Amino acid sequence: MIKGIASDLDGTLIDTTKVLAEAWLEALKSEGIDVKYEELYKKTKGIASKDIIRRFKSDSNPEDVIRIREKRKKNFLRIINGDCQLLYPETLDVIEEIKSKGIKFAISTGLSLDLLGDILKLTGLDKLADAVVSADEMKKGKPEPDIFIEAFNRIGVEPKDGLVVGDSDNDIIPGKKIGAFTVFISREGERSSLADANITNLKELLKFL
């Protein structure tokens, strides 16, 4: 029986993957780093911001990370321009249904803390999640399992009694490592051979509870 869920955020609960990719491209370009959109969009899903920077700027230092992340944040907020339509249509209803069943709901995200707070408030997820864990709080980000272990710990659920849902194998791999039931979501119909289940809409999560 599932007692708790640890969910990825970007691309799973909210539709900001492409906007974030654009914000990253602008930030990296301002640093003289030329990255193709497809490379950034496809290869950084679920990855912590500091690890994204290190991937494309291998000699980066802590000051570089802070500076580039701040540029990324400003770009992102400018692009969305206060638009709160970041949620997938079913997200809030599904979370409310999950919680009505007495199941805890945590968010495990690669988004950095400086941007995470703004997004949670814009979407109202700050009022629904029982716990939120950012990769900034962990020594190792996805695909290491630390962020999901911490999420389940915060909601008082053993990973073996938990479900991990995300839109990348960077979510599925750590979920499998800790013995959780794993669900891969792709609204475009992509599938993960690693996940225990594949879905195209969050509403399908309810059948596993």
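Owing to the predicted nature of the structure, the values given are computational and were not obtained by experimental measurement.
Partners of K50 under the salt bridge (Lys or Arg N to Asp or Glu O under 4.0 Å) rule, at least two apart in sequence or in another chain, do not exist in this structure. The side-chain hydrogen bond (donor to acceptor under 3.5 Å, both in side chains) test applied to E90 returns R187, not counting sequence neighbours. In this view, E97 and K101 satisfy the salt bridge (Lys or Arg N to Asp or Glu O under 4.0 Å) rule, not counting sequence neighbours. Applying the side-chain contact (heavy atoms from CB on, under 4.5 Å) rule to S186 yields the partners F184, E188, E190; only residues at least two apart in sequence or on another chain are considered. D146 pairs by the salt bridge (Lys or Arg N to Asp or Glu O under 4.0 Å) definition with nothing, not counting sequence neighbours. For K99, the salt bridge (Lys or Arg N to Asp or Glu O under 4.0 Å) test picks out D130, with sequence neighbours left out. With sequence neighbours excluded, the residues satisfying side-chain hydrogen bond (donor to acceptor under 3.5 Å, both in side chains) with E137 are R154. By the side-chain hydrogen bond (donor to acceptor under 3.5 Å, both in side chains) test, S49 pairs with R69, sequence neighbours left out.
Counting only residues at least two apart or in different chains, side-chain hydrogen bond (donor to acceptor under 3.5 Å, both in side chains) contacts with residues 19-29 comprise E26-R78. Within the structure, no pair that satisfies the ring pair (Phe, Tyr, Trp, His ring centres under 6.0 Å) test touches residues 113-168, not counting sequence neighbours.
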Please tabulate, for the side chains in residues 172-182, all donor-acceptor contacts under 3.5 angstrom to protein atoms that are two or more places apart in sequence or on a different chain.
unit_1, atom_1, unit_2, atom_2, d
K176, NZ, D196, OD1, 3.0
T182, OG1, D196, N, 3.0
T182, OG1, D196, OD2, 3.0

Side chains of residues 111-122: which donor-acceptor partners sit under 3.5 Å, not counting sequence neighbours?
unit_1, atom_1, unit_2, atom_2, d
S112, OG, R72, NH2, 2.7
S112, OG, D114, OD1, 2.4
D114, OD1, R72, NH2, 3.2
D114, OD2, R72, NH2, 3.4

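Of the possible donor and acceptor atoms, one in the side chain of E204 sits under 3.5 Å from a partner among the backbone N and O of N201. Although no hydrogens or angles enter the test, the distance criterion places no donor-acceptor pair under 3.5 Å between the side chain of S108 and the main chain of V133.
For the residue pair S60 / D64, no side-chain donor-acceptor distance below 3.5 Å is found, with atom types taken as modelled.
To the nearest 0.5 Å, atoms CD1 (I103) and CD1 (I155) are separated by 10.0 Å.
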